[in-house]
Amino acid sequence: MSQELLTGHVLRTYGSPFEQDPTDAVQIDTDGGVLIESGKIKDVGTASDLRASFPHAKLTDLGNHLILPGFVDAHVHYPQTAIIASWGKRLIDWLNTYTFPEESRFSDPVYAREIASRYLDLTLAHGTTTVCSYATIHSQSVDAFMNAARARGLRAYAGKTCMDRNAPTSLRDTAQTAYDDSAALLARWHGVDRLGYVITPRFSPTSTPAQLDALGALWAENPHCLMQTHLSEQTDEIAWVEALFPTARDYLDTYEAYGLLGENGIYGHAIHLTAREKDRLAETRAALVHCPTSNTFIGSGLFDMSLAQTLRVGLATDTGGGSSFSMLRTMAAAYEVAQLRGTVLHPAQLLWLATQGSARALKAAHQIGSLSVGLEADIIALDLASTPAIAQRVAEAEDPWQAVFPTIMMGDDRAVSGVWINGRPYNLQNCSSQDQNT
Ligand code: GUN
Ligand code: ZN
């Protein structure tokens, strides 16, 4: 049985850095090692102990690079790859001007395959090994994504984005077709290799009560599946929801009334929450996803990170409302947003959010998101001196956290020096070759 031993600085996770001292919960072992066997993490410890215990393992010494779990991006729209960084709009205008015309192009399965492949190549180059994506209303956009993720051996999640109002006709389904198409895709993809199907009503403004009800019924029939949607991202959007659902207590209630609130529910953005919504999210053990580059780019607001003390909170790029494919850039934005709210996030908290925090939000922490024995070996290595500007900061670092923080704030894909997917080294130079058979 072939074994590979990675040695270097190793990020270890012992708990949530929002529930205990961050440097107790997350630690960096500067003489660490990770032993990979058959796609899984077989052992983690000090480099010398592992070398002695596994003398026949192939040794990959990464020196002073940081070995950590692959990043987990808990909320993305892969079909928005080609419109990332589109200028000048806030949410509703941005959807109508840029997003909906681009998503209409996914009626063409060839285009869907091209963008799915481009998107996953970009995210892997940035060290992201799992994403949870919205597709478009077209079933073939889910097929394209799942095939591309499967070809690369990824653990990945996605669902058909359902909309039956307030969207162009070419992007509308109905309550019945949303149910039927989602059910068929769920049957086709959920649990195939490392793939998970996610029931995906876009958000309350683009679904009639009948459609929300149909998708609530589908979730009740498949409660093990994740359900993802958007919640309280911008104040204009919240006012629109109030007008569309006059009897609802608040935005969250428009989901709960139709069976779309629960422990396997993932709610993106969740910035402008009422006290009742926060309590109800905690009672139902729902998960939130913080999308900081998106929230500043399209002017949504500042997420309250103290929610991570009571709720599962993941971190995400929200490509292409977010302005980057990089979870490093996303951690930097989370740091900056927290600063604007008067809170300082520790690098241990930022790295945890981008790995185990997001894995917990996706109910996948028993599979990915930390370097723990028995988990799937989705691993990356980061060069902590990847540019001259970063290197001169690291040269003065007095501890491992000081050494990693400049990469969090200023790093990009140049910092990613290695990627292992399910235990196999991934060739960052040769990204698209995996697609030939799909
Ligand atoms: N709300 C509904 N759809 C979207 C989307 O595509 N992006 C963002 N950021 N918010 C949304
Ligand atoms: Zn989104």
Side-chain angles (χ1 to χ4, degrees), residues 73-86 88-106 115 119 123 131-138 141 145 157-168 171-173 178 198-207 211-212 215 226-241 244 251-252 254-255 260 265-272 287-303 314-325 330 333 337 358 361-362:
D73 191 342
H75 178 126
V76 311
H77 300 255
Y78 96 81
Q80 296 170 14
T81 296
I83 54 140
I84 193 167
S86 289
K89 304 286 179 191
R90 291 169 62 87
L91 178 60
I92 309 300
D93 275 354
W94 175 83
L95 285 170
N96 288 319
T97 310
Y98 299 118
T99 310
F100 290 158
E102 178 63 17
E103 292 192 7
S104 297
R105 300 179 70 187
F106 285 71
I115 298 296
Y119 171 76
T123 49
V131 303
C132 183
S133 185
Y134 290 63
T136 65
I137 67 144
H138 314 96
S141 72
F145 177 86
Y157 302 85
K160 169 191 137 75
T161 298
C162 301
M163 298 195 275
D164 68 344
R165 64 168 163 177
N166 294 321
L171 278 184
R172 282 192 216 170
D173 49 17
V198 190
I199 296 166
T200 307
R202 181 176 217 119
F203 67 158
S204 291
T206 49
S207 288
Q211 180 168 87
L212 295 174
L215 294 173
L226 298 171
M227 189 288 304
Q228 63 183 347
T229 192
H230 297 85
L231 177 66
S232 295
E233 181 176 356
Q234 292 206 345
T235 48
D236 294 359
E237 170 207 11
I238 296 168
W240 193 20
V241 170
L244 290 168
Y251 197 154
L252 186 66
T254 66
Y255 295 129
L260 292 169
I266 315 166
Y267 302 84
H269 303 285
I271 299 168
H272 308 282
L288 305 184
V289 185
H290 178 26
C291 308
T293 72
S294 169
N295 298 161
T296 51
F297 182 71
I298 55 178
S300 303
L302 307 176
F303 182 81
L315 188 67
T317 59
D318 189 30
T319 298
S323 54
S324 173
F325 296 97
T330 303
V337 165
S358 283
L362 301 181

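Just so you know, ligand 1 is whichever comes first in the structure, and atom 1 is the first atom listed for that ligand.
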Review point. If you count the atoms of ligand 1 from 1 in the order shown, which ones are under 4.0 Å from a heavy atom of D318?
Key: 8 (C), 9 (N)

Point to revise | Atoms in ligand 1 with a heavy atom of F203 nearer than 4.0 Å | key: 1 (N), 2 (C)

Check your understanding: Would you say the side-chain atoms of T229 pair up with the backbone N or O of R202, donor to acceptor, closer than 3.5 Å?
Key -> yes

Check your understanding: Would you say ligand 1 has an N or O under 3.5 Å from any N or O of E233?
Key -> yes

Point to revise | Main-chain N/O of T136 paired with S141 side-chain donor or acceptor, under 3.5 Å | key: yes

Review point. Is ligand 1 under 4.0 Å from a heavy atom in the side chain of R202, in the backbone, in both, or in neither?
Key: side chain

**Study point:** Reference residue H75; test side-chain hydrogen bond (donor to acceptor under 3.5 Å, both in side chains); the match among T317, T319, D318
**Key:** D318

Review point. Out of Q234, R90, H269, which one pairs with S300 under the side-chain hydrogen bond (donor to acceptor under 3.5 Å, both in side chains) rule?
Key: Q234

Exercise for review: Within a distance under 4.0 Å of any heavy atom of H269, pick out the atoms of ligand 1 and give their elements.
Suggested key: 9 (N)

Review point. Would you say E103 has any N or O atom under 3.5 Å from an N or O of ligand 1, going by distance alone?
Key: no

Practice item. Specify side chain, backbone, both or neither for L95, according to which of its non-hydrogen atoms lie closer than 4.0 Å to ligand 1. Key: side chain

Revision key, fill the gap. Listed as residue and atom, the protein N/O/S atoms under 2.8 Å from the Zn ion (ligand 2) are H75 NE2, H77 NE2, H230 NE2, D318 OD1

Review point. From C291 SG over to I271 CD1, what is the distance, rounded to the nearest 0.5 angstrom?
Key: 8.0 Å

Exercise for review: Determine the sole option in F106, Y134, Y157 for which the ring-ring contact (aromatic ring centres under 6.0 Å, His included) test with Y78 is passed.
Suggested key: F106

Check your understanding: Quick one: does T296's side chain have a donor or acceptor within less than 3.5 Å of a partner on T293's backbone?
Key -> yes

Study note, to complete from the structure: Correct closest heavy-atom pair for L212 and P201 would be CD2-CB, 4.1 Å

Point to revise | ligand 1 atoms in contact with W94 (distance to a heavy atom under 4.0 Å) | key: 5 (C), 6 (O), 7 (N)

Check your understanding: Can you find an N/O atom of Q80 closer than 3.5 Å to an N/O atom of ligand 1?
Key -> yes

Review point. Going from OG on S358 to NE2 on H290, what distance comes out if it is rounded to the nearest 0.5 angstrom?
Key: 11.0 Å

Review point. Taking the side chain from Q80 and the backbone from E102, do they hold a donor-acceptor pair closer than 3.5 Å?
Key: no

